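The model shown is predicted, which means the values in this text are computed figures rather than measured ones. Computed over heavy atoms, backbone and side chain alike; hydrogens, waters and symmetry mates excluded.
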Amino acid sequence: MAKNCLLVTALLLFLSLYLSLVHGHRKNQIEALKKLLRNSKSSHIDRTNFKPYLYIKDVKSISSVDEKQKDVIEYLPGQPPVEFVQYGGYVTVDQSAGRAFYYYFVEAEKDKESLPLLLWLNGGPGCSSLGYGAMQEVGPFRVYSDGKTLYKNVFAWNHAANVLFLESPAGVGFSYSNTSSDHLKYGDKSTAKDNYAFLLNWLERFPEYKNRDFYISGESYAGHYVPELAHTILYHNKNTNNTHINLKGIIIGNAVLNEETDSKGAYDYLESHALISDKTLTQVHKYCDFSPTATLSPDCDTAMGVCNDELSDIDPYNIYAPVCTDDRLTARPKKISYEIDPCNDDYTYAYLNRPEVQEALHANVTKLGYDWEPCSGTVQNLWSDRPFTVIDLLEEFMANSLRVWIYSGDVDSVVPVTSTKYSLNAMNLQVKTFWRPWLVHQQVGGYTEVYQGNLTFATVRGAGHEVPSYQPRRALALISHFLNGTPLPYKPPPEQTYH
Ligand SMILES: *[C@@H]1O[C@H](CO)[C@@H](O)[C@H](O)[C@H]1NC(C)=O
Ligand SMILES: *[C@@H]1O[C@H](CO)[C@@H](O)[C@H](O)[C@H]1NC(C)=O
Ligand SMILES: *[C@@H]1O[C@H](CO)[C@@H](O)[C@H](O)[C@H]1NC(C)=O
Ligand SMILES: *[C@@H]1O[C@H](CO)[C@@H](O)[C@H](O)[C@H]1NC(C)=O
């Protein structure tokens, strides 16, 4: 069976599938995906609703301010001059196991003392926030086609916040564990627990951020990570003497929220965007049951196979973008155009695997026995628990007065805007501000609807799965309004007179 519909269906978002095409392990990854699809319908995965995470005792400080100075990144190979400070290094999340997470932190160019702290997480599970978030989405630099020099992302999010990127869980990117059996614990619960332990220890190293307004952002499978970490923080803020984390809100894009509506929305999107036939969608509706207790029927499997053949080799993460056809690095950097280069993954891969780059980043200090990969196949294949939905967590945040924003790049077919709208519908929210366009740079940036309880939904027009890659200006406008707590800008239409 071909790849795309499986990918849409499995709903753990295997960015790595796409990447592995680029890096040439295509066959293995398709096998891995088939396995996951089967697993996702099998009973050994914990599908129960979310329960508070394991109690984490008061964390002994195993991180210190001295370490912060050692983490300053003087200069990344090939970078243009900049006015802000960058840090990179390891924070231990479990001392006895020898488990440490790699982080990259960019302070704001201006007003770093007053701007909030923003954590960014990519999904997968198994994908790197350094390779995607930092180097291709919201970070200050992007990699040129030579794989060794960097240019400035003029719409970087450190115009609006101090931005922290975390490679998580262990096994992703430069993050590692010295205990090999840790691989058997990959899942949502252990990830939330480790992410929380990371934050507590990171704040010991950067105590000036301890009381700062804190927000968590992310995309795709981070639609699980972000709410689960936020839930863990709320729980510990209330029940333990751990450092109080000043969590104010979360923002997630093209996010996995609720398996049933996510799956249904994905097929409906494909048909409504003329990528599969009406007949095939009818078959999917007839034979596929995406509810929590259902098993995958052979007729559904067949319908998905047809869907896949019809879809063919497009980039499911941006249905209108070209695919990468020549992944070779160039001797001289290619000129940067407004359109995103579909081979960016390869440039980033080359850059982050350069020994001098790793040294400058203070990464891979234990000389890991494998390359830096944008997504880890091992992590995603061994994923052992995930709840069916995170809607209950979003409701918890609204009840606790956190700011909750959910955005959606509208040309993504993997977690498309239809899926997100179905999930929001399932929440039965009361509309506060009815659907309307929002504006940036005199253009419609997308559409927004605001609900009672401080939940904002916003689409980003013309953006694929990685919204800030495809529409950086719109994404920066979005995050700025989110962080400021201001509504997305709107110019009401001139009064109509009807004759
Ligand atoms: C993992 O093992 C290496 C080699 O013994 C050691 O240098 C490193 O500090 C260990 N990592 C952690 C987090 O304990
Ligand atoms: C928090 O600290 C106080 C004072 O040291 C102590 O009495 C209390 O039991 C602690 N609470 C928890 C949950 O550890
Ligand atoms: C770490 O360094 C070793 C030795 O230079 C290299 O072979 C390996 O690919 C690197 N791994 C990662 C994850 O960067
Ligand atoms: C919504 O946000 C406003 C302004 O930030 C705040 O005053 C209000 O309490 C919030 N409402 C709820 C229901 O959380």
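When side chains are defined from C-beta on, Leu352 counts as touching Leu361, because their heavy atoms get closer than 4.5 Å. Counting heavy atoms from C-beta outward, Asn258 and Val390 have side chains that stay 4.5 Å or more apart. You'll find the side chain of Asn454 stays beyond 4.5 Å of the side chain of Phe397, heavy atoms only. In this structure, Phe290 and Glu259 have side chains that are not in contact, with every pair of non-hydrogen atoms separated by 4.5 Å or more. The closest side-chain heavy-atom distance from Leu117 to Trp202 is below 4.5 Å. Using a 4.5 Å cut-off on side-chain heavy atoms (C-beta onward), Ser419 and Tyr269 make no contact. The shortest side-chain heavy-atom distance between Tyr215 and Val226 does not fall under the 4.5 Å cut-off. Using a 4.5 Å cut-off on side-chain heavy atoms (C-beta onward), Thr232 and Lys193 make no contact.
A distance-only check finds no donor-acceptor pair linking the side chain of Arg474 to the backbone of Val440 [under 3.5 Å]. With Asn254 contributing its side chain and Ser220 its backbone, the two residues share no donor-acceptor pair below 3.5 Å. For the pair Asn158 (side chain) and Val163 (backbone), a donor-acceptor distance under 3.5 Å is absent. For the pair Asp327 (side chain) and Cys343 (backbone), a donor-acceptor distance under 3.5 Å is absent.
Listed here is the closest heavy atom pair of Pro333 and Thr149: CG-OG1, 3.9 Å. Here the closest heavy-atom approach between residue Cys307 and residue Tyr267 is recorded as SG-CE2, 3.7 Å. Residue Asn122 comes nearest to Cys127 through the heavy atom pair CB-O, 4.2 Å, listed as atom of the first residue, atom of the second, then distance. The shortest non-hydrogen separation linking Glu137 to Asn153 is O-ND2, 3.4 Å. Smallest separation of non-hydrogen atoms from Met398 and Leu455: SD-CD1, 3.7 Å. Of all heavy-atom pairs between Tyr104 and Pro140, the closest is OH-CG, 3.8 Å.
Shown here are the side-chain hydrogen bond (donor to acceptor under 3.5 Å, both in side chains) partners of Ser128, two or more places apart in sequence or in another chain: Glu167. Legend: residues meeting side-chain hydrogen bond (donor to acceptor under 3.5 Å, both in side chains) with Asp371, ordered by chain and number and at least two apart, are Tyr349. Residues passing the ring-ring contact (aromatic ring centres under 6.0 Å, His included) test with Tyr144, sequence neighbours excluded: Tyr151. Every residue was checked against the ring-ring contact (aromatic ring centres under 6.0 Å, His included) condition with Tyr351, not counting sequence neighbours, and none meets it. Partners of Thr282 under the side-chain contact (heavy atoms from CB on, under 4.5 Å) rule, at least two apart in sequence or in another chain, do not exist in this structure. By the side-chain hydrogen bond (donor to acceptor under 3.5 Å, both in side chains) test, Gln358 pairs with Asn364, sequence neighbours left out. Residues that satisfy the salt bridge (charged side-chain N to carboxylate O under 4.0 Å, His left out) test with Asp326, not counting sequence neighbours, are Arg328. Every residue two or more places apart in sequence or in another chain was checked for a ring-ring contact (aromatic ring centres under 6.0 Å, His included) with Tyr347, and none qualifies. Take Tyr225 and apply the ring-ring contact (aromatic ring centres under 6.0 Å, His included) test, not counting sequence neighbours, and it matches Tyr221. Residues passing the salt bridge (charged side-chain N to carboxylate O under 4.0 Å, His left out) test with Lys279, sequence neighbours excluded: none. Evaluation of the side-chain hydrogen bond (donor to acceptor under 3.5 Å, both in side chains) rule for Tyr422 yields Asp268 as partners, not counting sequence neighbours.
Asp341 pairs in a salt bridge (Lys or Arg N to Asp or Glu O under 4.0 Å) with only one of the listed residues (Lys335, Lys334, Arg142), which is Lys334. Applying the side-chain contact (heavy atoms from CB on, under 4.5 Å) test between Met135 and each of Asn344, Asp345, Leu150 identifies Leu150 as the sole match. A side-chain contact (heavy atoms from CB on, under 4.5 Å) with Val404 is found for exactly one of Leu394, Thr456, Leu393, Ile251, namely Leu394.
Note on ring orientation: taking the six-membered ring where Trp is involved, the planes of Trp372 and Phe174 are tilted (angle from 30° to 60°). Using cut-offs of 30° and 60° for the angle between ring planes, the Phe482 and Trp405 rings count as perpendicular. In this structure, Trp435 and Phe457 have tilted ring planes: the angle between them lies in the 30° to 60° band.
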Working for side chain to side chain contact (heavy atoms under 4.5 Å, CB included), residues Val138 and Leu118: CA-CA 11 Å; Val138 313; Leu118 177 68; over 6 Å; no

Chi angles and distances behind the side chain to side chain contact (heavy atoms under 4.5 Å, CB included) call for Leu164, Leu119: CA-CA 5 Å; Leu164 176 58; Leu119 175 68; 3.9 Å; yes

Intermediate values then yes/no, side chain to side chain contact (heavy atoms under 4.5 Å, CB included), Ile233 and Ile216: CA-CA 11 Å; Ile233 291 170; Ile216 317 176; 4.1 Å; yes

Side chain to side chain contact (heavy atoms under 4.5 Å, CB included) evaluation trace for Glu310 with Thr280: CA-CA 9 Å; Glu310 289 177 348; Thr280 304; 2.8 Å; yes

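To the nearest 0.5 Å, atoms CZ (Phe155) and CZ (Arg473) are separated by 4.0 Å. For the atom pair OH of Tyr447 and CH2 of Trp438, the computed distance is 11.5 Å after rounding to the nearest 0.5 Å.
No hydrogens or angles considered: a donor-acceptor pair under 3.5 Å links the side chains of Glu449 and Tyr451. For the residue pair Thr191 and Glu228, no side-chain donor N or O sits within less than 3.5 Å of a side-chain acceptor on the partner. Defined by atom type and a distance below 3.5 Å, a donor-acceptor pair is present between the side-chain atoms of Asp289 and Ser291. Side chains of His224 and Arg386: a donor-acceptor N/O pair is absent below 3.5 angstrom, by distance only.
By the neighbour-count criterion of 12 heavy atoms within 6.0 Å, atom OH of Tyr370 is densely surrounded, having more than that number from other residues, nucleotides or ligands.
Within the structure, salt bridge (charged side-chain N to carboxylate O under 4.0 Å, His left out) pairs that include any residue of residues 151-165 comprise Glu109-Lys152 (at least two apart or interchain).
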